[in-house]
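Since this is a predicted model, take the numbers as computed values, not measurements. We name chains A, B, ... by the order of the sequence lines, and we start the count at 1 in each one.
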Amino acid sequence: MTQTTPDQANAQANAETTVLSVHEENKLIAARRDKLHAIQQKRNAFPNDFRRDAHAQDLHSEYAETSREDLEKIGRKVKVAGRLIRERGPFLVIQDSTEALQLYVNHKALPAEMMEEIKFLDLGDIVGVHGEVFRTGKGELTVNVESLRLLTKALRPLPDKWKGLSDTEVRYRQRYVDLIANEASRRTFMLRSQIINSMRQYFQAQGFMEVETPMMHVIPGGASAKPFVTHHNALDQAMYLRIAPELYLKRLVVGGFEKVFEINRNFRNEGLSTRHNPEFTMVEFYQAYADYHDLMDFTENMFRQIATEVLGTTKIVYQGLEIDFAQPFTRLSVRDSILRHCEGVKPEQLQTRDAAAELAASFGVKVEKSWGLGRIMMEIFDAKVEHHLLQPTFITEYPTEISPLARRSDNNPDVTDRFELMIGGRELANGFSELNDAEDQAARFHEQVAQKDAGDDEAMHFDADYITALEYGLPPTAGEGIGVDRLVMLFTDAPSIKDVLLFPHMRPARD
RNA sequence: GGGGCGUUAGCUCAGCGGUAGAGCAGUUGGCUUUUAACCAAUUGGUCGAUGGUUCGAAUCCAUCACGCCCCA
């Protein structure tokens, strides 16, 4: 058997790419390629010696109030660079990472060679420009071109200059084109970055330490979900992409780091939807000497602060729904939420397993024999309640049966000191006071293993080292995970998770 | 996995059984402080793929691929 070297692999890939692009070549691309080759006859068409000294946005804000006459007196000369996105007769518009900026080409004032270079340009080309800032008759801040150089030739044409790129498939597969053409998309991802920055600063200001725990687990744990499986060759061992960092973060609390957080990807081998991507970003955090009530307060405050910092207001509109994070979030137990949102349901129907099973069946929920009262109540909740919870609502008192890592309530061992945060009918966060009784945890793992043996492939494994860690003593702790993608969806009014992921997962395209 | 909708020029879309269209982009010329710049002319297509029905298919039917939405 012959080994393929990286070089051979590259050569092969290049050959395939070349074949493909020749196949795809159309006249628009061919004409641009001809221009590029003509330039290459004269000089290096890909210079990297242009250095700019100004960005579009800085110029716009610096001279926002400066009059035409004053600008003329100032005579500010700038070097700017960006992608050519418009031609309006003698005017060109370039766009850099901050904003668009207009250029003026006075063909009477420029040497013939410069005009040749400019006439050779296509929309999409990257150019560097030197010139003086002025204001046109119509008041637009503009750079009067004294010299202009092509820095990178664009071989492919841009999408519609007015309507942008709307084909969702192309927008997701070729996000770079979406970002060039659609201002709204650029804004979404800039906001995403700012939201995560703001979140990180909030944790740091509260004394949390950022950590990184393994992305590859030998025993997948910390959530109920199907993992992706891979294989470590040297160890000849199955490994799993993590479904949650929870058990490692709590090990760190055992180790004495009393406030930790991690912002990173989780991987779950499940379907795709407007709310699910196989890899998604979570922030998980743990605080010793705190309980789940503290976390609910913490979360409310954090959402308020992020909204204020990033959007400048606590009020958002998500898909037509107004939400004001300044208002206190509702807090409601699972049981009470069912009673409130399912008309005609009486408390007795949630008292015993059989009564609840009958109720669930009447709602069209298929009840498994192995399910207890708690699991059945959650199925009723998922089917009949969750989508009604539009305004921020903490649902509390989750059944112990489905919360194998959460501390039991002091008042009722069948429920845990746990909550989930619902906004817009979706789960945004999940937190609880941590189970730190090693013996109880071992017993709960055994129950999970029994369910796994009974065919539930989302049930948890027994993690002996985690039990050992608990035996060293986990201080009373509370922990929480917040879905960052869903938070960004809310703050950017995005209907699909794909709109807030730069490169969402797609099936491979086929011809 | 099931259902619905979509796939036509580089982009945005119309056409829905009888010669494949528009706007923008492109090309050529004009004009040059414009604002989706403007004026004139002009190029551009295996109508997602494969079968079928028909004298004739972008259009009707079937299967497949990919996408979007809803449901599980």
Are there any protein N/O atoms within less than 3.5 Å of an N/O atom in nucleotides 9-11 of chain B, and if so, which ones and at what distance?
unit_1  : atom_1 : unit_2  : atom_2 : d
rC11(B) : O2'    : D160(A) : N      : 2.7
rC11(B) : O2'    : G164(A) : O      : 3.1
rC11(B) : O2     : D160(A) : OD2    : 3.2

- Test T281(A) against N266(A) for side chain to side chain contact (heavy atoms under 4.5 Å, CB included), laying out the working first. CA-CA 6 Å; T281(A) 301; N266(A) 291 340; over 6 Å; no

Between [atom2] on [N] and [atom1] on [X], what's the gap in Å once rounded to a whole number?
X	N	atom1	atom2	value
I85(A)	rC24(B)	CD1	C1'	15 Å
L103(A)	rA37(B)	CG	C1'	15 Å
H276(A)	rA72(B)	NE2	P	12 Å
E270(A)	rG1(B)	CD	C1'	15 Å
I497(A)	rC69(B)	CD1	P	12 Å
L141(A)	rU34(B)	CG	C1'	15 Å

- Candidate list T330(A), L321(A), D324(A), test side-chain contact (heavy atoms from CB on, under 4.5 Å), partner Q391(A), passing option: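 The side-chain contact (heavy atoms from CB on, under 4.5 Å) with Q391(A) is passed solely by L321(A) among T330(A), L321(A), D324(A).
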
- CZ of R444(A) to CD of E401(A): how many Å apart, nearest 0.5 Å? 11.5 Å

- Item | Gap between atom CG of N144(A) and atom CD of E146(A) - 0.5 Å precision |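 Going from CD on E146(A) over to CG on N144(A), the span is 6.5 Å.
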
Pair [X]-[Y], side-chain donor/acceptor within less than 3.5 Å:
X	Y	answer
T98(A)	D96(A)	yes
N430(A)	R418(A)	yes
R76(A)	Y63(A)	yes
Q102(A)	T142(A)	yes

Describe the nucleic acid contact of [X] in one word from base, sugar-phosphate, nothing, applying a heavy-atom distance below 4.0 Å.
X	result
Q102(A)	base
K35(A)	sugar-phosphate
R32(A)	nothing
F134(A)	base

- Task: Look at the side chain of T136(A) against the base of rU35(B) and say whether a donor-acceptor pair falls under 3.5 Å; ignore hydrogens and angles.
- Result: yes

- Query: If you measure from the P atom in rG21(B) to the same atom in rC64(B), how many Å do you get, rounded?
  - Reply: 34 Å

- Task: Go through RNA chain B and write down every stem, that is, every run of at least three consecutive Watson-Crick or G-U wobble pairs with distances under 3.5 Å, as range with range.
- Result: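 Paired runs of 3+ in RNA chain B: B:1-7 with B:65-71, B:10-13 with B:21-24, B:26-30 with B:38-42, B:48-52 with B:60-64.
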
- Message: Please verify the inter-ring angle class for F228(A) with F267(A); under 30° counts as parallel, over 60° as perpendicular, anything in between as tilted.
- Response: perpendicular

- Message: Does a side-chain N or O of R507(A) approach OP1 or OP2 of rG67(B) to a distance below 4.0 Å, or not?
- Response: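 Yes, within the criterion.
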
- Message: Both R275(A) and R68(A) contact RNA chain B. Which one's nearest nucleotide lies toward the 5' end?
- Response: R68(A)

